[in-house]
Amino acid sequence: MRVLVVEDEEFLADMIVSGLRRAALTVDIAHSGRGALDRLRRDAYDVLVLDRDLPGLHGDEVVRYVVEQALPTRVLLLVAAGPATGRAPDPGRQEPGADDRLTKPFAFDVLRDRVLALGHGARAGRPPVIERAGVRLDTGRRLAVRDGRPLALSRREFGVLEVLLRARGAVVGDDELIEEVWEEQPRHRTNAVRVTLGTLRAKLGEPPVIETVPGAGYRMGDGPAADDAPSASGEPAAGARG
């Protein structure tokens, strides 16, 4: 499950993100409405945790964008208590486009459970199960299988495989993989991706299905990857495990 957290209070945002990542969710963060729109235009999310009272571009405008673009993303709106009386607003009232709302302050366990409930009931548009070349990924239950054989993948291996599968054969570069999967920027970006791809390929086994595209990145093929196939001499092609 992929979640975008949009909150201008950095301490609160970091707390939410850290907790959701401990729950094995893939989480991105933005601190403004415009930052949220940039993320939503670039990536697909199952759930958007959105502070309504954002500076600059208001949270309602972000919700409006989700509705107008017919995004499959579910919206959990974080709202402050009533400014005049300090009372929480009517919990039954939803802002247009919001799927759920949570009044500040809140217990993290409550937020986590709301996010999980929304993600499991995600709108049609982004299938929770992806399959290609005999590899099947159930993103909702975080299960990976190849030709009926369960795969024990780390969080990063699972994330890389999900990005490659969702690309549907398109080339995915190092920078995009880092942006999508890594929580923090690694010191040696290319090497970090190469190491993760190496362990992922080993767990996927033979025949290889992840192809290296020199100077561009990686892609998931429909069958054995050409760059990993044996050469005429019987030796692996150069750069086969890049």
Side-chain angles (χ1 to χ4, degrees), residues 1-81 94-123 125-126 139 155-156 158-160 162-163 166-167 172-186 189 192:
M1 186 186 302
R2 191 171 180 84
V3 181
L4 175 61
V5 174
V6 186
E7 170 61 65
D8 64 307
E9 296 181 35
E10 294 192 14
F11 177 80
L12 177 58
D14 290 343
M15 182 200 74
I16 294 172
V17 169
S18 297
L20 293 178
R21 284 173 177 167
R22 284 197 300 271
L25 303 183
T26 300
V27 189
D28 289 331
I29 187 171
H31 295 296
S32 68
R34 298 201 180 279
L37 293 187
D38 288 342
R39 285 282 190 177
L40 291 167
R41 287 170 181 143
R42 188 169 68 240
D43 300 314
Y45 294 96
D46 300 295
V47 180
L48 169 62
V49 179
L50 176 68
D51 179 22
R52 186 174 185 231
D53 298 316
L54 293 170
L57 188 68
H58 197 270
D60 287 350
E61 295 301 316
V62 178
V63 174
R64 186 171 294 113
Y65 175 82
V66 171
V67 173
E68 291 176 350
Q69 297 299 313
L71 299 182
T73 308
R74 292 281 187 133
V75 179
L76 172 58
L77 204 62
L78 305 181
V79 297
Q94 303 282 356
E95 276 69 24
D99 298 283
D100 197 358
R101 68 203 309 270
L102 191 58
T103 303
K104 298 179 180 179
F106 50 80
F108 172 75
D109 288 354
V110 174
L111 179 139
R112 180 200 59 210
D113 292 347
R114 299 279 188 95
V115 169
L116 292 173
L118 288 172
H120 290 150
R123 301 183 182 102
R126 192 173 189 217
T139 60
R155 188 193 67 78
R156 283 180 182 168
F158 191 97
V160 167
E162 180 179 355
V163 172
R166 290 201 187 281
V172 180
D174 288 351
D175 288 344
E176 183 175 349
L177 287 172
I178 292 290
E179 180 72 21
E180 293 276 356
V181 179
W182 269 254
E183 296 176 6
E184 298 178 355
Q185 294 292 320
R189 297 166 64 88

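Listed here is the closest heavy atom pair of Ala98 and Val63: N-CG1, 4.0 Å. Contact record, Leu54 with Asp51: CG-O, 3.2 Å, taken as the closest heavy-atom pair. Thr73 and Asp99 make their closest contact through O-OD2, 4.2 Å (heavy atoms, listed as atom of the first residue, atom of the second, distance). Annotation for Ala36 and Val62: closest pair CB-CG1, 4.2 Å, computed over non-hydrogen atoms. Nearest approach of Ala30 to Leu4, heavy atoms of both residues: N-CD1, 4.3 Å. Nearest heavy atom pair, residue Leu40 against residue Tyr45, reads CD2-CD1, 4.0 Å.
Proximity of Phe106 to Leu78: side-chain heavy atoms (C-beta onward) are separated by under 4.5 Å at one or more points. In this structure, His58 and Asp53 have side chains that are in contact, with non-hydrogen atoms separated by less than 4.5 Å. A 4.5 Å side-chain heavy-atom check between Leu20 and Leu111 finds at least one atom pair inside the cut-off. Side-chain atoms of Val3 and Val5, non-hydrogen and from C-beta on, do get closer than 4.5 Å to each other.
Summarising the geometry, atom CD belonging to Glu7 is positioned 3.5 Å from atom NZ belonging to Lys104; distances are rounded to the nearest 0.5 Å. Taken to the nearest 0.5 Å, the CD1 atom of Ile178 stands 8.0 Å off from the CZ atom of Arg156. Here the straight-line distance linking atom CG of Asp38 with atom CG of Asp43 works out to 10.5 Å at 0.5 Å rounding. Atoms CG and CE, on Leu116 and Met1 in that order, are 5.5 Å from each other to the nearest 0.5 Å. Residue Ile29 holds its CD1 atom at 8.5 Å from CD1 of Ile16, rounded to the nearest 0.5 Å. Note that CZ of Arg64 and CD of Gln69 are 13.0 Å apart. Values are rounded to the nearest 0.5 Å.
Counting non-hydrogen atoms of other residues, nucleotides and ligands closer than 6.0 Å to CZ of Arg34 gives a total of 12 or fewer.
No donor-acceptor pair closer than 3.5 Å links the side chain of Asp8 to the backbone N or O of Ser32. Looking only at distances, a side-chain donor or acceptor of Arg155 sits under 3.5 Å from a matching main-chain atom of Val181. A distance-only check finds a donor-acceptor pair linking the side chain of Arg114 to the backbone of Arg101 [under 3.5 Å]. Arg112 contributes no side-chain N or O that, together with a main-chain N or O of Gly19, makes up a donor-acceptor pair within less than 3.5 Å.
Using a 4.0 Å cut-off between a side-chain N of Lys or Arg and a carboxylate O of Asp or Glu, Asp46 and Arg74 do not qualify as a salt bridge.
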